[in-house]
Protein chains: 2
Amino acid sequence: MPAERPTIADVAQRAGVSKGLVSFALNDKPGVSPQTRDRILEAARDLGWQPSLRARALSVNRAFALGLVISRDPEIITGDPFYPSFIAGVERELAPAGQALVLSVVPDEEAELAAYRKLVADRRVDGVFITDLRHDDARIELARELNVPAVTLGHPETPSPFPAVSMDDRAGIEAAVDHLVGLGHRHIAHVAGPARMLHGSRRRRAFEDAMARAGLPAGLVVETEFRAADGAHATRDLLSRPDGPTAIVFANDPMAIAGLGYAQRSGLRVPDQLSVTGFDGSDVGEHIFPALSTVATDAVSWGAVAARVLLRSIAGEEPGDTDLPPARFVPRESTAPPTDPTGTPTRTGR
Amino acid sequence: MPAERPTIADVAQRAGVSKGLVSFALNDKPGVSPQTRDRILEAARDLGWQPSLRARALSVNRAFALGLVISRDPEIITGDPFYPSFIAGVERELAPAGQALVLSVVPDEEAELAAYRKLVADRRVDGVFITDLRHDDARIELARELNVPAVTLGHPETPSPFPAVSMDDRAGIEAAVDHLVGLGHRHIAHVAGPARMLHGSRRRRAFEDAMARAGLPAGLVVETEFRAADGAHATRDLLSRPDGPTAIVFANDPMAIAGLGYAQRSGLRVPDQLSVTGFDGSDVGEHIFPALSTVATDAVSWGAVAARVLLRSIAGEEPGDTDLPPARFVPRESTAPPTDPTGTPTRTGR
DNA sequence: CTGAAAGCGCTTACAG
DNA sequence: CTGAAAGCGCTTACAG
């Protein structure tokens, strides 16, 4: 247990004023003459006084902290580059503002709701981030009911009283499809995230739309849970079909990397015999061979902006929605024209 | 701002007792008759009373939270599988104990010390994790000076008053080397982490010791900053030497994956012409081709045990040091006998 | 410009 | 077994 620390009373005594005045001086409130103000600040410095956030929190009914609850299969959290970057962005805003981040990691959606409840019941946070939006997301209603400020990453489907900070991921998927079509691919598959997740289904729809615009059928879609292993399995399934694809657009990088690995293991040359694209722009995708063509999202900015918006809405402003620059397609080495220029896959070694 | 909530006074009034008694009943303290206890609990339930953690924190001088500060180059945090798993393990202990995790992510060591100071000055946490130990780690002294309970991951070099939770990583490195030697490799290199980091230099020493035991020279060592890109660069440097290796032991998975990618990009066949091992057992390493042979660490358990130890030392116990089961080498596909059985590298395509 | 006092919502000796 | 009161360390009307 940390040693005795001076309190506001000690400072007041040393400066020869009341506790109230110390508080006013500290918080730059009007009504303190410059001289007394200096005297108070000096006394505080001499004593090494650190105002107690605890006492302050009780008085002003604020936690000075924001809550993030991450609901992820422990298996998937490891490979996913999004949260570490997102959190780095959040912290970049919070630290200078004297706010802290309280993080809750839970295994499933049930525990997730409980975690939000607990966080606000304990008044551990003044606001919460709502990430990985789902269809009919119960967290919107819950946050409203708990009367806690929130910010959503992306627009929920259901009406939401909370500001949304969005990053268009459709454009990136469309660019990936266009790129592949431009290379001559006609059999392009999509390995999607779970349909219950908004970004899972939205990326899928973006894929389908882009295919339709190119006049191509978009029937080759496999739905997954976003796990790396799912990427390998989906690739196996797709490649075993008679109408197998010459290119696969994956909904995230870990699956794309695993799919690419599966293809190589089966004896296919990537990108010559199979082109592959990912989503998220993970660092490791840049370094595998062939380097993964992907859709880069700026998760750091997303975190920073979301934090700023949440802070503002806690402060009573009504920030409104924010649209971040859309995710961009980054072609690297894992995409190339199909071997057979007609677009028919040429497979060997299987 | 959340709505009006009942306080202990409301519960006391409804139950017809004093506030003090409500507190006693709530905290299972002796001196409350079963009947009144039930009456109080019922009143609390009727009112939907949630005791204010804030008020409680001020009274008992506790934060009911633990602090983790992660100091990582934003560039590296993304690919590293350790922290997400570690945090998942920590949360597994904290949630049932009613504790929260406050997370601070900082870019460098200077900001790191400031983050610890701030966390305890604000009394945001009752104890802190000290991860990624360095030589002469200033955090040990700082934590002692701040008088805050702490737990270190691994044993610091300098005398430390804090319990250590360690996982032997030497055995895994040694097993990797032994495996490679058994396959017939004689030119084995090591791509190490930064020497200032304890696990960086310890893994390096483990490598050197294992090589010495095998009667092999251990001169091929490149020091890096643990970034994926470093793995590629180190591999390039190593492969360009006249005495280039037939196998490389990397100090983490992201570097190993990047090194593997670099080798492939240069036209080398892995594992035939170059064997590669990683460290950390990341999910993605399992799915690339060839699947990465690696040293698996159980970061989840590490987090859980460290949290438990920290909680105990906050409670005034003196937990003592804990040794977790050592990291195990997991052979997969990225290691094989060298092409030329004499152990001399046979390189083509460069 | 400044002081004295009440209040935030708990816990915890101290009395009975 | 129970009550009344002080205390944790701040903030904030309310008076002067």
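Order of the sequence lines sets the chain letters (A, B, ...), proteins ahead of strands, with each chain counted from 1.
- Using a 4.0 Å cut-off between charged nitrogen and carboxylate oxygen, B:R117 and B:E145 count as a salt-bridge pair.
- B:S18 comes within 4.0 angstrom of a base, heavy atoms only.
- In a base pair of the Watson-Crick type (N1 to N3 plus N6-O4 or O6-N4) or a G-U wobble (N1-O2 and O6-N3), with each distance short of 3.5 Å, D:dA15 is matched with C:dT2.
- Other residues, nucleotides and ligands contribute over 12 non-hydrogen atoms within 6.0 Å of the CG atom of A:D108.
- Annotation for B:Q13: atom CD does not count as buried by contact number, only 12 or fewer foreign heavy atoms lying within 6.0 Å.
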Exercise. Which parts of nucleotides 6-16 of chain D does protein reach within less than 4.0 Å, heavy atoms only, written one letter per nucleotide 5' to 3' as B for base, S for sugar-phosphate only and - for none?
Worked result: -BBBBBB----

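- Look at A:R144 and A:E141 and you find a salt bridge, because one of the NZ, NE, NH1 or NH2 atoms lies within 4.0 Å of a carboxylate O, short of that distance.
- For the pair A:R196 and A:D136, the salt-bridge criterion is not met [side-chain N within less than 4.0 Å of a carboxylate O].
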